[in-house]
Amino acid sequence: MELRSNVPTGPIEKRWEKHRFDLKLVNPANRRRSTVIVVGTGLAGGAASATLGELGYNVHSFCYQDSARRAHSIAAQGGINASKNYQNDGDSIYRLFYDTVKGGDFRARESNVYRLAEVSGNIIDQCTAQGVPFAREYGGLLDNRSFGGAQVSRTFYARGQTGQQLLLGAYQSLSRQVNAGTVKVHERHEMLDLIVVDGVARGIVTRDMVSGEIRPWLADCVVIASGGYGNVFYLSTNAKGCNTTATWRAHRLGAAFANPCFTQIHPTCIPVAGDYQSKLTLMSESLRNDGRVWVPKNPADCTKDPRTIAEGDRDYYLETRYPAFGNLVPRDIASRAAKKVCDEGRGVGPAVDGERRGVYLDFADAIKRLGKSKIEERYGNLFEMYERIAGENPYETPMRMYPASHYTMGGLWVDYNLMTTIPGLFAAGEANFSDHGANRLGASALMQGLADGYFVLPSTLAGYLAGFKGPKIADDHADVKAALGRVNERLKRLLSAPKPSRSPDSFHKELGRLVWDECGMSRTADGLRKALARIPALREEFWQGVRVTGTGEELNQTLEKAGRVADFLELGELMCIDALNREESAGGHFREEHQSEDGEAKRNDEEFSYVAAWEHTGDLSKPKLNKEPLTFEYVKPSNRSYK
């Protein structure tokens with residue numbers, strides 16, 4: 001496999017502008033002759049479908065939800081970054097670029113990150129024009145707040161429901177194109193395989209989740225914007241339906257999977273309450289603007305009412321250890337710090353499995369300084385959500401938080417044009433690896449999704465289609481029939497395990513706990529080897545003993561779950577292989593053997609300054625590693641310090 005990043009040369013601030021000019025164009029009259037499939041209707045997929053439809057392409061959009069507007073982007077809370085410098089506090093395109101490369105621990109491609117920063121301002125203009133109700137200052141100008149890993153206020157927000165408002169903006173644009181006839185949305189259709197003809201992506205195979213119908217869909221190119229794979233951990237902040245099937249099916253057919261061990265653990269989530277839980281709830285990073293993180297200094301105080309613990313007996317550990325950034329350090333650092341104090345026996349909240357896993361996020365000082373009404377204005381819906389779930393009033397008592405799986409920086413390898421190693425197959429948003437390196441900064445996921453969908457793909461996809469000479473194909477083509485055969489055979493196998501005895505959820509839960517323990521917030525060589533010994537055996541037990549009731553010709557949620565868990569059982573192994581291979585600590589990948597004397601991540605730039613792009617070989621335990629070297633012309637790698 002050859003990895004050709006296709007990164008343009010020249011001054012970085014001119015690369016995207018020149019590259020976009022050099023890309024070939026498709027005549028407006030010819031665009032309706034090209035068919036594009038977009039898998040996913042979140043911010044990346046919804047924005048791409050709407051924009052491509054507006055340009056005149058014939059677009060088919062697919063989602064497994066009952067409405068395109070229920071994509072998981074709707075759950076994003078805190079905000080979206082952009083280098084507008086409205087606060088006149090020193091922000092710029094270059095500073096956003098610098099912060100993102102540094103925040104990713106120098107494991108991202110510089111050119112892609114600069115482009116992201118460059119188009120960020122256009123996103124805000126686009127969304128404001130759509131009517132997205134961003135928060136505004138008293139005078140009517142757009143407001144900003146701070147997020148982790150930055151010392152400027154560049155995050156635009158709509159209370160604690162920014163993702164929802166941005167998705168509704170994309171959805172209304174999408175609906176306009178549906179009405180215009182350029183986009184056809186297929187709800188309740190799940191992609192189960194990719195159609196590759198003569199080495200080129202030409203369509204997908206879907207299952208109608210209501211009727212069970214399996215059918216192919218053909219196009220001139222395919223865009224996968226199906227999100228990340230955080231649900232491999234079973235307990236995560238992702239919607240229960242989020243899965244890796246679209247990206248993993250593409251990987252098995254030749255799309256390289258990049259940096260799968262780069263997963264993000266979010267530091268502010270409502271802690272696990274018991275063994276019965278199947279999902280965790282995110283509390284926005286924006287809360288760390290005004291909330292102070294602390295635990296008792298004395299383990300004996302952990303069971304006390306936090307309001308009775310004296311100020312001198314509290315350990316504001318982030319403020320103490322990282323005075324320059326305080327509570328707004330990047331997510332990977334805040335998460336590991338929370339784990340550390342809990343491992344020391346200073347965790348708070350109810351004991352689950354004999355451990356107290358929680359830290360306080362306290363708003364008493366902010367309420368005293370700003371008043372309850374101001375805090376309610378900023379975070380009211382988040383406080384209400386917390387009270388409903390935890391049964392505690394955060395205006396009166398500190399919130400309890402603990403890290404949880406939230407986002408994945410790894411994904412399908414893409415070049416500068418967002419094309420994978422399969423020609424004609426593009427990946428956008430969280431489905432690709434391209435912009436965040438080993439750690440994503442808060443409020444940058446929405447930025448990347450909309451940048452890819454509104455501004456990058458419309459240019460790069462046109463450049464591909466302008467030179468596309470593929471033949472017309474029909475449903476009776478041999479490669480189409482082969483893809484249909486793979487899907488039907490797999491479904492038949494899921495429905496007819498030799499010794500059905502366990503539910504898909506029980507396998508998922510066991511896998512998730514194993515991957516969380518050995519490839520979660522911290523990893524060790526011994527732990528990863530333990531996981532790599534167990535996962536193949538668990539996978540074999542799954543295929544022998546998964547119990548799927550019903551048939552494939554009907555609405556069957558158990559069958560849907562089983563297919564997704566089968567893919568997680570394969571991806572989980574690749575994550576551990578990648579983590580074991582990467583003998584360094586970088587961002588969200590923390591190998592306990594590779595840390596500084598004061599417990600910070602210790603990179604190995606000499607040996608691991610590369611993108612690990614894994615190639616499927618047919619043997620899940622022996623993927624082939626391909627390396628894309630990373631070069632840094634502008635932001636020189638250094639010890640990442642937030643102290």
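Figure legend: Arg20 and Phe455 shown without cation-pi pairing, the cationic atom not lying both under 6.0 angstrom from the six-membered ring centre and within 45 degrees of its axis. Note that Arg582 lies in the cation-pi zone of Tyr610, set by a 6.0 Å cut-off to the ring centre and a 45° limit from the axis. Note that Arg115 lies in the cation-pi zone of Tyr416, set by a 6.0 Å cut-off to the ring centre and a 45° limit from the axis.
Asn85 meets the side chain to side chain donor-acceptor pair (under 3.5 Å) test with no other residue; sequence neighbours excluded. Leu218 pairs by the side chain to side chain contact (heavy atoms under 4.5 Å, CB included) definition with Ile195, Ile473, Asp475, Val480, not counting sequence neighbours. For the ring pair (Phe, Tyr, Trp, His ring centres under 6.0 Å) test, residues two or more places apart in sequence or in another chain that qualify with Tyr464 are Phe426, Phe468. Scored by the side chain to side chain donor-acceptor pair (under 3.5 Å) test, Arg202 finds no partners at all (sequence neighbours excluded). Considering only residues two or more places apart in sequence or on other chains, Tyr94 meets the ring pair (Phe, Tyr, Trp, His ring centres under 6.0 Å) condition with Phe97. By the side chain to side chain donor-acceptor pair (under 3.5 Å) test, Glu2 pairs with no residue at all, sequence neighbours left out. Not counting sequence neighbours, the partners of Glu187 by the side chain to side chain contact (heavy atoms under 4.5 Å, CB included) test are Cys63, Val185. Every ring pair (Phe, Tyr, Trp, His ring centres under 6.0 Å) that Tyr86 has, sequence neighbours left out, goes to Phe156. By the side chain to side chain contact (heavy atoms under 4.5 Å, CB included) test, Arg603 pairs with Asp105, Phe106, Arg107, Glu584, Ala586, Asp605, Pro637, sequence neighbours left out.
Ionic pairing of Asp193 and Arg252 is not present here: no N-O contact between side-chain nitrogen and carboxylate oxygen is shorter than 4.0 angstrom. Using a 4.0 Å cut-off between a side-chain N of Lys or Arg and a carboxylate O of Asp or Glu, Asp89 and Arg95 do not qualify as a salt bridge.
When only modelled atom types and interatomic distance are considered, Thr35 and Asn58 share a side-chain donor-acceptor pair under 3.5 Å. Under the 3.5 Å distance criterion, with hydrogens and angles disregarded, no donor-acceptor pair is assigned to the side chains of Asn122 and Gln126.
The nearest pair of heavy atoms linking Ala256 to Met1 is CB-SD, 3.6 Å. Taking each heavy atom of Asn231 and Ser236 in turn, the nearest pair found is OD1-OG, 2.6 Å. The minimum heavy-atom distance linking Ala117 with Ile93 is given by the pair CB-O, 3.5 Å. Shown here for Ile422 and Val200, the closest heavy-atom pair between the two residues is CG2-C, 4.4 Å. Across all their heavy atoms, Pro623 and Ile577 have their closest contact at CD-CD1, 3.7 Å. When all heavy atoms of Ser61 and Thr41 are compared, the closest pair comes out as OG-CG2, 3.2 Å.
Two residues are said to be in side-chain contact when any heavy atoms from C-beta on lie closer than 4.5 Å; Val414 and Phe433 meet this criterion. Annotation: side chain of Asp567 is not in contact with side chain of Asn243 (no heavy-atom distance under 4.5 Å). Ser120 is listed as a side-chain neighbour of Leu96, based on a closest heavy-atom distance under 4.5 Å. Residues Met191 and Ile204 are in side-chain contact: their nearest non-hydrogen atoms beyond the backbone lie under 4.5 Å apart. The side-chain heavy atoms of Arg154 and Gln87, taken from C-beta on, include no pair separated by under 4.5 Å. For the pair Asp479 and Val196, the minimum side-chain heavy-atom distance is 4.5 Å or more. Under the 4.5 Å side-chain criterion, counting only non-hydrogen atoms from C-beta, Leu625 is in contact with Trp614. Within the 4.5 Å cutoff, no side-chain heavy atoms of Thr247 are placed close to those of Arg249.
Within the 3.5 Å criterion, the main-chain N or O of Asn144 finds no donor-acceptor partner in the side chain of Ser153. Between the side chain of Asn289 and the main chain of Ser286, a donor-acceptor pair closer than 3.5 Å is present.
Within a 6.0 Å sphere centred on NZ of Lys279, heavy atoms belonging to other residues, nucleotides or ligands number more than 12. The 12-atom threshold is exceeded at CZ of Arg136, counting heavy atoms of other residues, nucleotides or ligands nearer than 6.0 Å. Crowding of Glu17 atom CD: a count of heavy atoms from other residues, nucleotides or ligands under 6.0 Å not exceeding 12.
A distance of 6.0 Å separates CZ in Arg145 from CZ in Phe147, rounded to the nearest 0.5 Å.
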Output, in order, the C-alpha distance, side-chain angles, deciding distance and verdict of side chain to side chain contact (heavy atoms under 4.5 Å, CB included) for Leu418 and Asn432.
CA-CA 8 Å; Leu418 304 187; Asn432 73 35; 3.9 Å; yes
How far apart are the C-alpha atoms of Ser444 and Asn81, what are their side-chain angles, what is the distance that settles it, and do they pass the side-chain hydrogen bond (donor to acceptor under 3.5 Å, both in side chains) test?
CA-CA 6 Å; Ser444 288; Asn81 288 331; 3.1 Å; yes
Criterion side-chain hydrogen bond (donor to acceptor under 3.5 Å, both in side chains) on Ser83 and Asp91, from CA distance to verdict
CA-CA 6 Å; Ser83 55; Asp91 201 11; 5.6 Å; no
Taking it one step at a time, do Arg640 and Asp332 satisfy salt bridge (Lys or Arg N to Asp or Glu O under 4.0 Å)?
CA-CA 12 Å; Arg640 194 173 56 137; Asp332 58 320; 2.4 Å; yes
Given Glu190 and Thr206, is the side-chain hydrogen bond (donor to acceptor under 3.5 Å, both in side chains) satisfied, shown in steps?
CA-CA 5 Å; Glu190 183 169 21; Thr206 65; over 6 Å; no
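Listed by first and then second residue, the ring-ring contact (aromatic ring centres under 6.0 Å, His included) pairs involving residues 186-206 are His60-His186, Phe62-His186, His186-His189, His186-Trp217 (not counting sequence neighbours). Screening residues 30-55 for salt bridge (charged side-chain N to carboxylate O under 4.0 Å, His left out), with sequence neighbours left out, gives Glu54-Arg176.
Evaluated for a side chain to side chain contact (heavy atoms under 4.5 Å, CB included) with Asn417, the options Val7, Leu461, Leu23 yield exactly one hit, Leu23. Here the rule is side-chain hydrogen bond (donor to acceptor under 3.5 Å, both in side chains) with Asp22, and of Lys24, His19, Lys18 only Lys18 fits it. A side chain to side chain contact (heavy atoms under 4.5 Å, CB included) with Leu52 holds for exactly one of Thr182, Val59, Leu457; it is Val59. Test Phe568, Trp248, Phe257 against Tyr229 for ring-ring contact (aromatic ring centres under 6.0 Å, His included) and you get one pass: Phe257.
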Show me the side-chain donor-acceptor pairs of residues 260-267 shorter than 3.5 Å, one per line, residues at least two apart or across chains.
residue : atom : partner : partner atom : Å
Thr263  : OG1  : Arg523  : NH2          : 3.3
Gln264  : OE1  : Arg331  : NH1          : 2.9
Gln264  : NE2  : Asn439  : OD1          : 3.1
Gln264  : NE2  : Arg440  : O            : 2.6
His266  : ND1  : Thr268  : N            : 3.1
His266  : ND1  : Thr268  : OG1          : 3.3

